[in-house]
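Taking it in order: structure first as structure tokens, then the write-up.
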Amino acid sequence: MTTAALAPALRRLHRPLLVTSAVMITLAVFSLCAMLFDDRMLLHESVWLKPLKFAVAFTLYTGTLAWLLSFPHRGQRLTWWMGTLFAVTAFVDVGFIALQAARGTFSHFNTQSDQVNSIGQMVFASGVPGLFVANLVIALTLSWQHITDRPTTRAIHAGLAIAVVGMGLGYLMGFTGKQETTDAYGHPVELAAGHTVEHGQPLVRDGVGGIPVTHWSTVGGDLRIPHFVGLHGIQILIVAAFVLARLAPRVPWLRAERARADLIWVLALGYAGLLGVLLWQALRAQPLTHPDAATLTGFGAVAAVVAAGTGLVYALHRRDGSAGELRTAQPPNATARHRVSTSPISQ
């Protein structure tokens, strides 16, 4: 995208979403610093790890929404209000997560009867559907519109659809069964549900073995994994569109915009397949670190589909690349009449 084209887009960025993104960055920095000085633990991890992870996730997502809503499209008033609803709800929900961390107790599925937690759980009960509905309305509004160049538009359409699914997967955690644990001060706490699926559903599942940094379970299926992968598919696909645009001048068959758009569909299909396999693995109480033969077969099938799809796109568009090279070799006047389509984000 040229600098001249970028300036108006920056002026149109959704301000409530940008403000929320800035607040989330601040919370992430604060949480990192707090982890250095606060040694309180919940489920064998710092009380500030959950606010940190949510702050990073919402920084990425609200920033992405602010950017994509900056493009002219039909229904801008509706999407602006939905973006505002998303921003406000995210601010309140993550704010409660940070408050509970400061109190040394749980934000999700906490059944304690104290007034702060009781009010907070009501906020969650209304806030999570608010985030989902706002995201769904934005996805539906943009799904039939040509927003920017074809590859990026397809990345946005597919990414929003996958994000809606990923957000919806969070509801599955509410059906994993209750748990009994303690808060950061050793007081007993009953959780209505959790994120780990284990055979026999023992009363202590979350926090029993975890991958470094993410703390995803190594003893059972962790529903946070497909939830995370689904939510951030839109960023992956938009980055893929950007990378393909950058490669286009050096890879002849990618110079046609349609070729890159078709390849985005292949990548989106593969990403959706990956999400499906990860969900299937988690629901079978299988940790990410110990896939069985069936899971490995699923991953292999996804990789094979992506490879076959990429090969098909190459076969369909390699002549476009050859034609582009021939046109490049022609005199300047001929080249001007037959310019190869490129993405604005590659300029």
Side-chain angles (χ1 to χ4, degrees), residues 31 40-58 60-61 90 93-94 96-101 104-112 117 120-121 123-125 127-129 131-132 135 162-184 188-233 274-291 295:
S31 298
R40 293 177 300 163
M41 307 286 283
L42 283 174
L43 296 174
H44 307 291
E45 64 185 34
S46 169
V47 295
W48 294 105
L49 182 61
K50 178 171 282 190
L52 172 62
K53 291 193 290 187
F54 271 80
V56 171
F58 274 98
L60 291 172
Y61 205 84
D93 280 7
V94 179
F96 177 68
I97 292 171
L99 173 63
Q100 291 292 79
T105 190
F106 299 88
S107 52
H108 289 71
F109 311 121
N110 192 336
T111 63
Q112 288 178 302
N117 182 66
Q121 296 307 319
V123 169
F124 265 142
V128 174
L131 290 172
F132 180 80
N135 196 60
I162 293 172
V164 168
V165 173
M167 196 171 291
L169 293 180
Y171 285 101
L172 294 178
M173 299 180 196
F175 300 96
T176 57
K178 69 178 182 179
Q179 299 185 83
E180 293 180 1
T181 183
T182 57
D183 64 16
V189 178
E190 182 177 277
L191 302 178
H195 50 74
T196 306
V197 179
E198 279 192 65
H199 296 298
Q201 294 299 87
L203 286 179
V204 180
R205 301 184 305 277
D206 294 351
V208 182
I211 299 173
V213 181
T214 63
H215 285 246
W216 290 336
S217 179
T218 58
V219 297
D222 199 321
L223 290 170
R224 292 177 299 180
I225 299 173
H227 181 56
F228 171 85
V229 169
L231 283 176
H232 297 293
L274 173 65
L275 174 60
V277 173
L278 290 172
L279 175 61
W280 180 50
Q281 182 184 28
L283 290 175
R284 290 186 296 129
Q286 184 181 106
L288 180 68
T289 53
H290 299 91
T295 301

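Within the 4.5 Å cutoff, no side-chain heavy atoms of Thr196 are placed close to those of Thr176. The shortest side-chain heavy-atom distance between Gln179 and Leu203 does not fall under the 4.5 Å cut-off. Counting heavy atoms from C-beta outward, Met173 and Phe109 have side chains that approach closer than 4.5 Å. A 4.5 Å side-chain heavy-atom check between Leu42 and Thr181 finds every atom pair outside the cut-off. Contact check for Asn117 versus Gln100: side-chain heavy atoms found under the 4.5 Å cut-off. Looking only at side-chain heavy atoms (C-beta outward), Thr214 and Phe228 stay at 4.5 Å or farther from each other. Inter-residue side-chain proximity for Leu131 and Asn135 is flagged as unmet; no heavy-atom pair is nearer than 4.5 Å. Using a 4.5 Å cut-off on side-chain heavy atoms (C-beta onward), Phe106 and Leu43 make contact.
Smallest separation of non-hydrogen atoms from Tyr61 and Ala163: OH-CB, 3.2 Å. In plain terms, the two heavy atoms of Leu275 and Pro226 that are nearest each other are CD1-O, 3.1 Å. Heavy-atom minimum distance, Met167 versus Phe132: SD-CA, 3.5 Å.
Taking CE of Met41 as the reference point, atom OG1 of Thr182 lies at 11.5 Å (rounded to 0.5 Å). Taking CD1 from Ile225 and CD from Gln281, the interatomic distance works out to 7.0 Å, rounded to the nearest 0.5 Å. Here OG of Ser107 is found 7.5 Å from CD of Gln121. Values are rounded to the nearest 0.5 Å. Atom CD in Gln112 sits 4.0 Å away from atom OG1 in Thr105 (nearest 0.5 Å). Distance check, rounded to the nearest 0.5 Å: CG of Leu231 to CG of Leu169 gives 8.5 Å. Note that NE2 of His44 is 14.0 Å distant from CG of Leu49, once rounded to the nearest 0.5 Å.
The backbone N or O of Asp222 lies less than 3.5 Å from no partner atom in the side chain of His195, so there is not a single donor-acceptor pair. Put simply, the side chain of Arg224 gets close to the backbone of His215: a donor and an acceptor are under 3.5 Å apart. Using modelled atom types, one side-chain atom of Arg205 and one backbone atom of Gly177 make a donor-acceptor pair closer than 3.5 Å.
Judged by distance alone, the side chains of Thr295 and Arg284 do bring a donor and an acceptor atom under 3.5 Å apart. Checked by atom type, the side-chain pair Ser217/Asp206 shows no donor-acceptor distance below 3.5 Å.
Test Leu223, Thr289, Ile211 against Trp216 for side chain to side chain contact (heavy atoms under 4.5 Å, CB included) and you get one pass: Ile211.
Glu198 meets the side-chain hydrogen bond (donor to acceptor under 3.5 Å, both in side chains) test with no other residue; sequence neighbours excluded.
The aromatic rings of Phe54 and His108 sit tilted relative to each other, their planes meeting at an angle between 30° and 60°.
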